[in-house]
Amino acid sequence: MNFNNVQFKTSFGRFDQIPKAERIEIAFSGRSNVGKSSLINKIFNRKQLAKVSQVPGKTVTINFFDFENIYIVDLPGYGYAKVSKGKKNRWANLIEGYLNDTTRKLNLIFQLIDMRHAPSKDDLQMIDFMIEKELPFVIVLTKSDKLKPTAKKLRMEAFKEEIPYFDDIEVIPCSAQTGEGIDKIKEIIEYAATL
């Protein structure tokens, strides 16, 4: 697959706006400010493919990117405290609506978690939801470059206790800055696109 051959397709602010699935989709999920946009830009060698913001909670739509014969789907970040309850509910309905839609050809979800911290309550709810719904997912531990090797090792040990079924889940430490884990993510995308 040519990872330079990608472009923004469209975005939706409400689930009822999203058309029926027409091709395989691979989604990126995670809390606000976990680095979804930066990671997507790194994977596809673009600076501004997905809009990066210093302000958490900026992505409020589901964004679709046209990548060869599949869609890359950037889900809105969840769990940002400083937004109105109404907006939080709208995001929740958008994300849940999308993930509960059994007509979608959702072959994989990359669930992003900031490697520097224990998973949030929302992260754990998301993991439980994906396990319960039998949705295929991989955990990507972002911002790995911010930790020294010893701290990184300690976090990996802690994740084994913090994340249910950790040993049964594919986990990729990753950095959009150094490129750690990017080749592995690309391999997984190529594989998921053929399922």
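In what follows, every heavy atom counts, from backbone to side chain, and hydrogens, waters and symmetry copies are set aside. Sequence positions, counted from 1, serve as the residue numbers for this chain.
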Can T61 and N63 be counted as having a side-chain donor-acceptor contact under 3.5 angstrom? yes
Taking only residues two or more places apart in sequence, or in another chain, which ones meet [X] in a side chain to side chain contact (heavy atoms under 4.5 Å, CB included)?
{"X": "F166", "answer": "M156, F159, K160, I163, V171"}
{"X": "A118", "answer": "R155, E162"}
{"X": "N4", "answer": "N2, N45"}

With heavy-atom distances below 4.5 Å as the criterion, would you say the side chains of [X] and [Y] are in contact?
{"X": "E25", "Y": "Y71", "result": "yes"}
{"X": "Y98", "Y": "F12", "result": "no"}
{"X": "D66", "Y": "F8", "result": "no"}
{"X": "V73", "Y": "I62", "result": "yes"}
{"X": "L39", "Y": "F28", "result": "yes"}
{"X": "L108", "Y": "I24", "result": "no"}
{"X": "F67", "Y": "I26", "result": "no"}
{"X": "F64", "Y": "D74", "result": "no"}

To the nearest 0.5 Å, tell me how far [X] [atom1] sits from [Y] [atom2].
{"X": "F15", "Y": "L99", "atom1": "CZ", "atom2": "CG", "answer": "9.5 Å"}
{"X": "K36", "Y": "R31", "atom1": "NZ", "atom2": "CZ", "answer": "9.5 Å"}
{"X": "D122", "Y": "F129", "atom1": "CG", "atom2": "CZ", "answer": "13.5 Å"}

Hey, can you pull the donor-acceptor pairs under 3.5 Å for the side chains in residues 184-195, sequence neighbours left out?
from: E190; atom 1: OE2; to: M1; atom 2: N; distance (Å): 3.1
from: T194; atom 1: OG1; to: Y191; atom 2: O; distance (Å): 2.6

- Are L147 and L154 grouped together when hydrophobic residues (ILVMFWY) are joined by side-chain heavy atoms under 4.5 angstrom apart? no
| request: Indicate, with yes or no, if F137 and L124 share a hydrophobic cluster defined by side-chain heavy-atom contacts under 4.5 Å among Ile, Leu, Val, Met, Phe, Trp and Tyr. | output: no
May I ask you to decide if C174's main-chain N or O and S144's side chain share a donor-acceptor pair within less than 3.5 Å? yes
Can a donor-acceptor pair be found, under 3.5 Å and without considering hydrogens, that links the side chain of R23 to the backbone of I70?
yes
D16 meets the salt bridge (Lys or Arg N to Asp or Glu O under 4.0 Å) criterion, sequence neighbours left out, with R14
Quick note, salt bridge (charged side-chain N to carboxylate O under 4.0 Å, His left out) partners involving residues 132-153, not counting sequence neighbours, are K152-E180
Which of D123, L112, I172, I113 passes side-chain contact (heavy atoms from CB on, under 4.5 Å) with I139? It is I113
K20 with D101: basic N within carboxylate O range, under 4.0 Å
no
